[in-house]
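Below, each value reflects all heavy atoms present in this structure, side chains not excepted, and no hydrogens, waters or symmetry copies.
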Amino acid sequence: MRVPGASLLKLKGKREVKECLVIPVEDSGLYVGEKGVYLNLTAIEYREQKYSDSHFVKMSVEREVYDALTEEERNAIPIVGGLRPIIPKPMKAEGEMDIQDAEYVDDLPF
């Protein structure tokens, strides 16, 4: 709903009425490519981490358009979401293996 022009509408299909998200392509910064519809986003790192997010994701606008915006309009560009660093979980050993009992393969390339 933070994308400009986005709205929720009830649309009637062949069998039922469903609530749908409608985003006008021309007004929202979306563009239609060969394989889908895309929204240009950029991730910006927080100076100080908020919550557990390290970055926030904002709609990206072209440099000429951005330079023409007022400070108030620049601040109104919606933040779409946040990013958190991926912290890998340590792997656990599932059992012990005696090297003397292991089978050796002679045709390995190393």
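G5 approaches P24 most closely through the heavy-atom pair O-CD, 3.2 Å. Minimum heavy-atom separation, K58 to I77: CE-O, 3.1 Å.
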Residues 62-70 side chain polar contacts: donor-acceptor under 3.5 Å, at least two apart:
{"unit_1": "T70", "atom_1": "OG1", "unit_2": "E73", "atom_2": "N", "d": "3.2"}
{"unit_1": "T70", "atom_1": "OG1", "unit_2": "E73", "atom_2": "OE1", "d": "3.4"}

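By the criterion of side-chain heavy atoms lying less than 4.5 angstrom apart, applied directly or through intervening Ile, Leu, Val, Met, Phe, Trp or Tyr residues, V25 is not grouped with L9; the two fall into different hydrophobic clusters. V17 and L21 fall into different hydrophobic clusters, defined by Ile, Leu, Val, Met, Phe, Trp and Tyr side-chain heavy atoms under 4.5 Å apart, directly or through other members.
Checked against ring pair (Phe, Tyr, Trp, His ring centres under 6.0 Å), Y31 has the following partners two or more places apart in sequence or in another chain: Y38. For R84, the side-chain hydrogen bond (donor to acceptor under 3.5 Å, both in side chains) partners at least two apart in sequence or on another chain are S52, D53. Take L83 and apply the side chain to side chain contact (heavy atoms under 4.5 Å, CB included) test, not counting sequence neighbours, and it matches A43, H55, V57. By the side chain to side chain contact (heavy atoms under 4.5 Å, CB included) test, L39 pairs with V3, L30, L41, M59, sequence neighbours left out.
Judged as a salt bridge (Lys or Arg N to Asp or Glu O under 4.0 Å), not a single pair has a partner in residues 38-48 (not counting sequence neighbours).
The CD1 atom of I23 sits 9.0 Å away from the OG atom of S7 when rounded to the nearest 0.5 Å.
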